[in-house]
Amino acid sequence: MADARHTDQPPGVPYPPPRLPAYPPKITVAALRQEFRAADGRPVVALDGIDLAVAEGEFVCLVGPSGCGKTTLLRLIAGLERPTAGAVAIHHAGRDRPAQAMVFQGQSLFPWRTVLDNAAYGLDLRPAGRGRRERRALARERLEQVGLARFAGAYPHQLSEGMRQRANLARALAVDPATLLMDEPFGNLDEQNRLLMQEELLRIWGGGSAAGGRPVTVVFVTHSVDEALVLADRVVVLSARPGRIAAEIAVPFARPRDPLALKGDPAYVTLYRRIWDLLREGVLAARAAELRGEVA
Amino acid sequence: MRLDGRLGERLLQLLSPLLLLLLWEGATRAGWLNPQFFPPPSSIVGAFERLWARGTIQGSVLATLGRILAGFALGAAPAVALGLVLGLSRPLRLLLLPAANIIYAIPKIAILPLVLLVLGLGEASKIAVTAISVFFLVLLNTVAGVRGIDRQLLDVARDFGASRWQAYRTVALPGALPLIVAGCKLALGFALIVVVGTEFVAAGAREGVGVLIWESWQILDIEAMYVGLVLTAILGWALNLAIDEAEALLLPWRAEGRRIGGRAARQTARAEAGGGRGPLGGLQRRLCALRPPPGRLRVWWRATRPFSFTATLVPVTLGALLAARAGAGFAPPLFLMTLVGALAVHAGANMVNDYYDHVNGIDDADSLGPSGLIQRGLLTPRQMLAGGLAAFALGAALGLALAALRGPAILALGLVGLPLAFFYTGWPLRLGYRGLGEILVGVFMGPVLTLGAYFVQARAFAPGPALLSLPVALLVAAILHANNLRDADADRARGKRTVATLLGPARAAWEYHLLVLGAYAAIALLAALGVAPPAILLTLLSLPLAISLVCRVAATREPHALNGVLRQTAALHLRFGLLLIAGLLLPLLARLLPGAG
């Protein structure tokens, strides 16, 4: 192979081959390069030479050492930033649902809106002929889906961190986006809540089609290899700064997945090992770069 | 006894102005201060009455307030709009903010001459200077508010496809609102300063607090000048209060301090809030919902059991009103002093009651009883007792001041009333636990308060107020009796003797009927004998509620059902009292209106 990427199956895994991206893909990223200026004016390359295609209905996880540009890539896909070079596109034709909605990292609920009003935020911006009552009813449905209906009237600061993350998810789901872009949405959760939320997310994603039967594509940023293996059809491993795609690894486990059973599976251990080996190089390289930067 | 640190501070805050007034009064009386420059507070009260009767006070306050509000509105609205734009746009900010910062530094009163040149001596220049001073304060605060918004929230708006206008409306404005409100608070304070200042300088205004101060200085009417100063202070304080209320309305997400999971706490808060249904029950609920600054002060506010304050409000208002009817006039400052003093004693009795009920083990965690603040660990018993004594001290101070101003009869009422309020449940007399509660409360919150408030205004006693206070007294006793009916079984178990436990359930229910229906019989009798105008029969409008309550008491002994009766009886008392007041006020207004023209 001319290129360093791996899309091949690990040997001896007794599962059906993964779904390969169908063409035309839902999201395409081509020859993407993103630079920004550091505080001292030096240009810093955050992402370089990124080529990526995500199929409709696919669940892709981006993993990589911290500071490798995972979040930047997600923001570029969302259109919140413009690339220095290259192209990013979400291919979306329908006008009845938005192309994407992002689940932001950390505190991103509006503190002055109640949980229900937060969930209805996207709907309020694009009412599409729906009255206020109808929008609230829709938002309430989504809150029920994430188990927050009882707290619809509360303000975000009255909720626990886990509840806030779920409200965050409900806000994105409420607009019924074709693509969900999720930036470490469960990063601040404790282990138990994280497992529960992963299950809920998979249930909502429904193997590529949401409750309405329409496909939902997910791009999910995480730094947890476990989380990526439980959730994704495909794991994209980014290297340390500048972020490049180090490998794309298909995750062949059948769905619905049982996270606890998976962890006992020898193939899981093999995949975990492989991704971790790729990450370790990146993490060590990043540390070395930091050290050099500090000395220099 | 040693006072808790915080409480000590609050006490100092409350007592130092009072002490200052007393010292001042004493110093002028003793001749240490020249009364020409420092007239005693009592004579300032006299000047207040004089100016009020002439309509000067009302006119001045309205004129000054109008200028403040007009200037504020004209300055704040564009400031918020521009502030949002500058906060979100870096280039515009870099372009305009330095100029704003420079102009902001100029004391606004200093540009008054310039504005006078441009706009002339009239209203316009006063309002313009005020608007300018408000504008820059609110502008800079708004910009800071927008810049303080978490960038991520703006990203959320963009990601959901918000237009520029939507980003302003849904993120920038609500996100900056806390600082905008803070800016408005500052700006209103400055507006007051600037308006009073322009009223000094710019002739052409006939009315205004500043005009009052300035003119009384020119004719050396020092007492009137002090009235102006006091009015300025009251205006500033009232504006502050108004914006605090607005803040609670505009920023509900900040007011709700409690986390979810405190649902039990909210339920008890609702139960404490008490009050019946209907518009008047609403008043009682609002009395409790009034939100003083959060934290300890709120706990103390709840410790006073504000929902019960209507029991004091009604007789005090009744007394003052009857004095006005008798032709003695109505002095608002005296009325306020009476009301606050009576409320302080009432609050003190409530807190002392909480303390002794706790100490004597009459209340425990599952009791429906008083504020429950000790049981929930929000106040220590010692703090509760200290708070009660502090409230008594405030009441005593105001009583002394009233006695000094209006005559020693007030002293006599206080000397009887204060100990009764303390020993109502205080060791060792515990009168309320010996079956005397209803009588005590009925007498105190009926004839005593009504006559006291009457005397403060009229400087005399009269039989009319005493008679008219009887129905109110009966209903207040009915509130307490409803409480004792509810707790009868528990009280019996704990050795607390009330009329309800002494009489037994059947006869105790009859006592309730007698108290409630007796109030209406008394009203009918008073109207028939011509003691009061027939308009007091307005109170009969509350009869349906009274009858439904009597039926409910006849039907049930279940504590939770009686809890509802308790709240509704309190609502009945308030409704009855306000209808009585309205009935007495109607002929008074009818007399005033044609005479005024």
Side-chain angles (χ1 to χ4, degrees), chain A residues 71 74-81 90 97-115 117-128 148 150-164 167-168 171-175 177 179-183, chain B residues 80 84 87-88 90 142 145-146 148-182 246-267 269-270 291 294-295:
Chain A
T71 297
L74 207 62
R75 290 171 60 86
L76 282 159
I77 296 175
L80 290 173
E81 281 173 37
I90 299 182
R97 64 198 294 217
Q100 55 83 22
M102 188 143 160
V103 179
F104 288 83
Q105 193 177 3
Q107 309 264 352
S108 76
L109 294 173
F110 298 111
W112 50 85
R113 284 182 166 240
T114 61
V115 169
D117 289 343
N118 260 294
Y121 181 70
L123 298 169
D124 286 350
L125 292 184
R126 297 270 172 280
L148 271 185
R150 271 181 52 217
F151 301 101
Y155 287 101
H157 72 94
Q158 297 170 306
L159 302 184
S160 71
E161 185 58 37
M163 288 167 156
R164 283 198 283 260
N168 214 336
R171 179 173 64 189
L173 289 174
V175 295
T179 305
L180 265 177
L181 303 174
M182 308 180 73
D183 187 4
Chain B
V80 168
L84 293 180
L88 285 183
R90 190 177 158 81
T142 307
V146 175
I149 297 172
D150 189 348
R151 303 299 302 172
Q152 181 149 273
L153 297 179
L154 288 163
D155 280 343
V156 172
R158 274 213 297 151
D159 187 60
F160 280 102
S163 64
R164 184 159 267 271
W165 164 245
Q166 282 175 323
Y168 282 127
R169 196 173 51 80
T170 64
V171 183
L173 180 61
L177 208 49
L179 269 185
I180 293 177
V181 171
E247 187 171 13
L249 280 176
L250 285 170
L251 311 173
W253 79 92
R254 299 211 139 192
E256 295 274 335
R258 258 164 291 183
R259 280 188 144 234
I260 292 295
R263 248 179 318 140
R266 240 175 307 140
Q267 271 160 5
R270 212 173 304 140
R291 249 190 279 257

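Here is the naming used below: chain letters follow the sequence lines, and residue numbers restart at 1 for every chain. Nothing here was measured: the structure is a model prediction, and the numbers come from that model.
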**Request:** Side-chain contact test, heavy atoms from C-beta onward, threshold under 4.5 Å: evaluate it for Asp159(B) versus Phe104(A) and give yes or no.
**Result:** yes

**Request:** Starting at CD of Gln152(B), measure out to CG of Asp183(A) and round the result to the nearest 0.5 Å.
**Result:** 7.5 Å

**Message:** Between Asp150(B), Ile149(B), Leu177(B), Val171(B), who has the most heavy-atom pairs with chain A when the cutoff is under 4.5 Å?
**Reply:** Val171(B)

**Asked** Got Val175(A) and Phe160(B) here, is their nearest side-chain heavy-atom distance under 4.5 Å?
**Response** yes

**Message:** Within the structure provided, determine whether Phe110(A) and Thr170(B) are in side-chain contact (heavy-atom separation under 4.5 Å).
**Reply:** no

**Note, Gln166(B) side chain near Arg126(A) side chain (heavy atom, < 4.5 Å)** = yes

**Item:** Closest approach of Tyr121(A) to Ala157(B) (non-hydrogen atoms, all atoms of both residues)
**Value:** OH-CB, 3.3 Å

**Request:** Would you indicate whether the side-chain heavy atoms of Leu153(B) and Pro111(A) approach each other to under 4.5 Å?
**Result:** yes

**Message:** Please evaluate residues Asp155(B) and Arg75(A) with respect to the criterion salt bridge (charged side-chain N to carboxylate O under 4.0 Å, His left out), reporting the C-alpha separation (whole Å), side-chain torsions for both, the decisive distance (0.1 Å), and the verdict.
**Reply:** CA-CA 10 Å; Asp155(B) 280 343; Arg75(A) 290 171 60 86; 2.8 Å; yes

**Message:** If I measure from the heavy atoms of chain B, does Leu181(A) come under 4.5 Å with its side chain, its backbone, both, or neither?
**Reply:** neither

**Prompt:** Where does Pro98(A) contact chain B at under 4.5 Å (heavy atoms): side chain, backbone, both or neither?
**Reply:** neither

**Item:** Where Ser108(A) and Val156(B) come nearest, the two heavy atoms and their spacing
**Value:** O-CG2, 3.8 Å

